[in-house]
J.: 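The structure that follows is given in the form of structure tokens.
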Number of protein chains: 2
Amino acid sequence: MERKTVQRQEIIEVLKNNYNHPTIKELCELVSDKNIGQATVYRTVNSLVNDDVIRRIDCPDGVHYDYRKEHYHFYCLKCNKITDVFLDNSLIDNLLSTSNLTDIKHVNLVFEGICDNCKKLNKDTC
Amino acid sequence: MERKTVQRQEIIEVLKNNYNHPTIKELCELVSDKNIGQATVYRTVNSLVNDDVIRRIDCPDGVHYDYRKEHYHFYCLKCNKITDVFLDNSLIDNLLSTSNLTDIKHVNLVFEGICDNCKKLNKDTC
DNA sequence: CACCTTATTGATAATCATTATCAATTAAAT
DNA sequence: ATTTAATTGATAATGATTATCAATAAGGTG
């Protein structure tokens, strides 16, 4: 049975208030004033993913986490930033119905490309 | 400019003939009789991903690679195996058109759940 | 409230994956 | 055949994640 520790509460709070899909490293920085050991951050985040409280996003530059779940992602191949992509769920259901998959727990959908900001920067410098 | 080395040719060949989405470790085993250093496997695979010859699949259990591209994936949360999911591309195009994304280079779509085999095993043992 | 049991924490060591280094090799151009 | 520079392989270095374990604290019980 899980215990309501100050560290766990703190980490959940920080994740809930953050919309930037932080990595573990960023998460450690976000709680750095709270004196939480990094082993605890790892353990807590893993347990939260297991309990479906947060979502794990596997990206080319490493693992990111997201407290919010009802959406998808765009990943910039240049700057590695993640932005949210909101899609009509009926379209995803539609997709699933054409496959012969059942009992899908998560749909991990990441669009990869170059974000507008990086495109602009590239135009300026070339 | 890229050189046609025996190691690179060998690694491409192995990837082309493998349908199991190997990890780097598995790839090293697959070429173990060819005396190719693991640093070379890493370098070659990275270069192939960069050149769009193979696709990188980021999963909870690590990185997998796939020579084939025109499909999507199912990832089993129990046994970590990946299986191919073939979907009509018009459905994906449809999805994209409802977002305001342009110039998407890859669509990384992974359905997560428990595979049939693991479901059966679980039923047997509980 | 005091006590007990046990999960959790934090510091650290250990492990695993990936990248960097660099001398020796080899592809490919001349 | 010679030259040049990219590639290789062995190994060291780095970075990310997990394991270990004594100390702490959550939450149940009388």
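Note that this is a predicted model, so its numbers are computed, not measured. Reminder, nothing fancy here: chain letters follow the sequence lines and each chain counts from 1.
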J.: Distance from C59(B) atom SG to N80(B) atom CG, nearest 0.5 Å?
T.: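 Here the rounded value is 8.5 Å.
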J.: Just say parallel, tilted or perpendicular for the rings of H71(B) and F86(B), cut-offs at 30° and 60°.
T.: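 Correct class here is tilted.
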J.: Report the nucleotide, chosen from dA17(C), dT8(D), dT9(C), that has the shortest atom-to-atom distance to any side-chain atom of Q7(A).
T.: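 Ranking dA17(C), dT8(D), dT9(C) by closest atom to the Q7(A) side chain puts dT9(C) first.
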J.: So, taking the atom named CD in E26(A) and the one named OG in S32(A), what distance separates them when rounded to the nearest 0.5 Å?
T.: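 Reported value, rounded in 0.5 Å steps: 12.5 Å.
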J.: Using a cut-off of less than 4.0 Å, is there contact between a side-chain N or O of Q38(B) and OP1 or OP2 of dT11(D)?
T.: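 Looking at the OP1 and OP2 atoms of dT11(D), neither is under 4.0 Å from any side-chain N or O of Q38(B).
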J.: For L87(A) and S99(B), which heavy atoms make the closest approach, and how far apart are they?
T.: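 Closest approach of L87(A) to S99(B), heavy atoms only: CD2-CB, 4.0 Å.
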J.: At what angle, to 10 degrees, do the two end axes of the helix from dC1(C)-dG30(D) to dT30(C)-dA1(D) meet, given five pairs define each axis?
T.: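 Here the helix ends are tilted 40° relative to one another.
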J.: Quick check on contacts: within residues 43-50 of chain A, what sits under 4.0 Å from DNA chain D by heavy-atom distance?
T.: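 Of all residues in residues 43-50 of chain A, the ones placing a heavy atom under 4.0 Å from DNA chain D are R43(A), N46(A).
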J.: Which is more 5' along DNA chain D, the nucleotide nearest R8(B) or the one nearest R56(A)? Just name the residue.
T.: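 Between the two, 5'-proximity favours R8(B).
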J.: Just verifying a value: how many Å separate D66(B) CG and L15(B) CG, rounded to the nearest 0.5 Å?
T.: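 Output value for this atom pair is 9.0 Å.
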J.: Check this one for me: any side-chain N or O of Y42(B) less than 4.0 Å away from OP1 or OP2 of dT18(C)?
T.: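 For dT18(C), OP1/OP2 do have a side-chain N/O of Y42(B) under 4.0 Å.
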J.: Which residue lies toward the 5' end of DNA chain C, I24(B) or V41(A), if each is placed at its nearest nucleotide?
T.: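 Nearest-nucleotide comparison on DNA chain C picks V41(A).
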J.: Pull out every protein N or O sitting under 3.5 Å from an N or O of nucleotides 27-30 of chain D, one pair per line with the distance.
T.:
residue: dG27(D); atom: OP1; partner: K4(A); partner atom: N; Å: 2.8

J.: Return the 5'-most residue of the pair V6(B), A39(B) with respect to DNA chain C, ranking by each residue's nearest nucleotide.
T.: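 Looking at the nearest nucleotide for each, A39(B) comes out on the 5' side.
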J.: If you draw the axis of the six-membered ring of Y19(A), does the NZ or CZ of R68(A) fall within 45° of it and under 6.0 Å from the ring centre?
T.: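 Yes, R68(A) and Y19(A) form such a contact.
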J.: Around atom CG of D52(B), are there more than 12 heavy atoms from other residues, nucleotides or ligands closer than 6.0 Å?
T.: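 Counting neighbours around CG of D52(B), more than 12 heavy atoms of other residues, nucleotides or ligands fall under 6.0 Å, so yes.
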